[in-house]
Amino acid sequence: MTSERPLSSGLYDYGSEQRHSSPVSSGSFTSGEGLGGREEGYDYEFIVRDEKYDCPICLLVLREPQQTTCGHRFCKNCITKWLKESDQRCPIDNMPITESQLFPDNFAKREILGLSVKCPNSKEGCQVIETLKNIQRHLDDCQFVPIPCPNKCSHILLRRDIEDHLAHTCHKRSVICQQCKSKVLAEDFQTHEADLCPLAMVQCPHCSTELMREQLQRHFDHDCMRRAVACVYTKLGCTAGKIPRSDMGKHLQENLHHHMQLMCHALISINRRFSITHTNHLTPGTHSLPDRTESPSTEDRQMMESLGNGLTTLNQLSVLQLSENPSFVMPQAGPHSLDSIYTPEGNPRHVRGAQGADERFGSERTQIDTELTYTSTPSNHLEGFPRVPYDDEFQSLKSQNLSQDESLARHELWLLDMKHTAENHEKTNKFLVQKIRYLESAVNEFEGRNCNGVYFWRIKSYSKFRNEAESGEVTAIHSPAFYSSCFGYKICIRANLNGVDSARGTHLSIFVHFMQGEFDDILEWPFSGRIMLSVLDQNPTCELRSHVMETLVAKPTLAAFQRPTTPRNHKGFGYMEFLPLSVLDNSTYIRNDTLIIKAQIVST
């Protein structure tokens, strides 16, 4: 059931509530479009406001008032933009005027700047009342101005609360660790204190010794007696695995003979790998080259390293044994004395005599290191050394280098081809995106043309848009464009879900805006006809539905009904107080979080 009431009856009866029933003209500023960054009128809460100082275009108090030759006042930026985008006529009486015919009204300016206004932050608690002239000076220091946290922590606080926030609650503030004296973000302090601070006292997980975190790794590597470590002869074949460091000395003493056998086997393996003959003795005065010049492999290096560690350990144990038991016989382990350790049949033999065992051991180890670290690089300054040929190895490296260069060139060509392919795909994607957008606009245009002057605008996610309007993030939303007929006027609806100007926070405001269409050249301007706006009741019971309908009668003298000179006419026409929000909320006008507004265009 549709309830249509004449304009003189208050449009719709909501008990004792009174409603502004006259349609009003709405400027571009109330629609949230602005003036491309230029200032409109003063939007403050005045203690005493005289309507004679309101700008007819932006509906705010005049800023830099300009007077026309026909006696009307406007904001300087408002009237300047109006004259540039219209046919240079006065918005009030449609009299021809030019920008050169405007002159500043300094008397009105002085009176306006002397008006008293409330601080814009009065809702936050500021009770200051200041003249318009000095209000900006107050805002520069107002303690109730919401400002973002300087640390960019996503909090927005009043200026008076910023200092306390930065000192105590901001999780992006810097705090000083009392142990290492380094600066850490408050949100990372617990992690720093628990896992990162180098001077924090921690316990060894093996022996429970308390020490600083920076000393923990050194403690693991050298001092912790309960930590399991590998035997130095593991790489030579010792299968003892990892044992506590406190038991390592006992393990080395008990397995001394076995470790010596492992070292002997390692020396024989190295001897065979490098073809070192038993007759080649390396004395301080003579040198001999191995028959082969190949570099040791990684496995050989590991074996040599283990062998060196084993020799060091063996030397230490030998000194200990000799000091404790003078009768202890230490076998020799030099490569030039392998015959004294292994017979050709592989049977071990011991060398008699303990005197000077440690000196011979040190001398023999020096000779071993000298021979093992000898490389294939020829030494020209050693007399009697034959030059080692390396042409084959050089040619092999050269061929490998050429092969790698060819492979690199092929990969570069592949990458270049893939780059061109990716660029072509990107161009194709851009073209397809543009085509999709064109098709979407064409579909919307088709839907708007076929509505035949009756358009239903479904505002889905109403609660979301309402919250954005209340917070001031998006104060106005516009419907898709529609036509009064297939070749008629192009129009859109604007809704301020939280009201506008004097109706802000109390009423739903609805306006219509004419738009530039394809057939404006053959249409009659200004528009003369009627526009019926309705908010539909979505009550499931048809008999209980009570739609709210208002009828706008075109006024050809108003700029809102003139032929648009921009894609959407800055001037709109409609109702600031179309429907009280108290009636709209928690009613059947909103169902499934959707509000439906109907517009019907009747041309004459």
Side-chain angles (χ1 to χ4, degrees), residues 4-8 11-12 19-33 40 54-60 72 74 78 81-82 85-87 89-94 448 453-455 457 475-484 488-497 499-504 507-517 520 523-535 548-579 597-604:
E4 184 174 359
R5 300 173 180 266
L7 296 178
S8 59
L11 296 179
Y12 203 78
R19 179 175 165 202
H20 179 70
S21 60
S22 300
V24 295
S25 177
S26 169
S28 60
F29 310 105
T30 59
S31 66
E33 296 173 352
E40 53 188 25
D54 289 352
C55 174
I57 297 179
C58 67
L59 306 179
L60 301 175
H72 300 108
F74 302 93
C78 296
K81 182 177 179 64
W82 174 268
E85 297 182 354
S86 67
D87 53 356
R89 291 180 177 272
C90 176
I92 303 300
D93 55 14
N94 221 21
V454 180
Y455 182 74
W457 181 21
T475 58
I477 56 176
H478 295 79
S479 73
F482 62 96
Y483 288 80
S484 61
Y489 299 93
K490 188 176 182 180
I491 305 169
C492 74
I493 308 172
R494 187 186 93 218
N496 294 79
L497 299 183
V500 65
D501 293 340
S502 61
R504 184 176 292 131
H507 289 76
L508 168 68
S509 301
I510 301 179
F511 303 91
V512 292
H513 288 258
F514 281 83
M515 304 177 67
Q516 287 181 336
D520 288 351
L523 297 175
E524 294 184 3
W525 297 98
F527 171 81
S528 58
R530 292 178 300 152
I531 302 175
M532 289 171 283
L533 298 174
S534 306
V535 173
V548 181
M549 176 183 290
E550 304 297 349
T551 302
L552 295 173
V553 179
K555 298 181 180 180
T557 58
L558 295 181
F561 299 101
Q562 307 296 325
R563 179 176 177 177
T565 57
T566 56
R568 183 174 62 217
N569 198 340
H570 293 297
K571 295 292 290 183
F573 195 75
Y575 294 89
M576 287 195 299
E577 300 178 358
F578 190 90
L579 184 64
I597 299 178
K598 174 185 175 183
Q600 183 174 356
I601 313 300
V602 180
S603 304
T604 57

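Residue numbers start at 1 and run along the sequence shown. Both backbone and side-chain heavy atoms feed into the values below; hydrogens, waters and symmetry mates do not.
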Verdict with supporting geometry, L497 and L508, side-chain contact (heavy atoms from CB on, under 4.5 Å): CA-CA 5 Å; L497 299 183; L508 168 68; 3.7 Å; yes
Exercise: identify the closest heavy-atom pair between I601 and F482: CG1-CE1, 3.9 Å
Euclidean distance, Q562 CD relative to N569 CG, rounded to 0.5 Å: 8.5 Å
No-hydrogen, no-angle side-chain donor-acceptor test under 3.5 Å, R568 and H513: no
Test side chain to side chain contact (heavy atoms under 4.5 Å, CB included) applied to K555 and V553, L558, L552, the passing residue: L558
Minimum heavy-atom distance A560-F514, with the two atoms named: O-CD1, 3.4 Å
Separation of L533 CG from M549 CE (nearest 0.5 Å): 9.5 Å
Nearest non-hydrogen partners of W525 and F561, listed with the distance: CE3-O, 3.7 Å
Between CZ on residue F578 and CD1 on residue I597, distance to nearest 0.5 Å: 7.5 Å
I493 side, atom CD1; K598 side, atom NZ - distance, nearest 0.5 Å: 11.5 Å
Test log, rule side-chain contact (heavy atoms from CB on, under 4.5 Å), inputs V500 and L59: CA-CA 10 Å; V500 65; L59 306 179; over 6 Å; no
Interatomic distance, T565 atom OG1 to Q516 atom CD [nearest 0.5 angstrom]: 7.0 Å
Minimum heavy-atom distance W457-I477, with the two atoms named: CH2-O, 3.6 Å
Shortest non-hydrogen contact from P56 toward K571: O-NZ, 3.8 Å
Spacing of F527 atom CZ and I491 atom CD1 [to the nearest 0.5 Å]: 5.5 Å
Taking every non-hydrogen atom, the tightest pair across I92 and H72: CG2-NE2, 3.5 Å
More than 12 heavy atoms from other groups under 6.0 Å of CD on E524: no
F511 vs N496, side-chain contact (heavy atoms from CB on, under 4.5 Å): CA-CA, chis, key distance, verdict: CA-CA 9 Å; F511 303 91; N496 294 79; 3.9 Å; yes
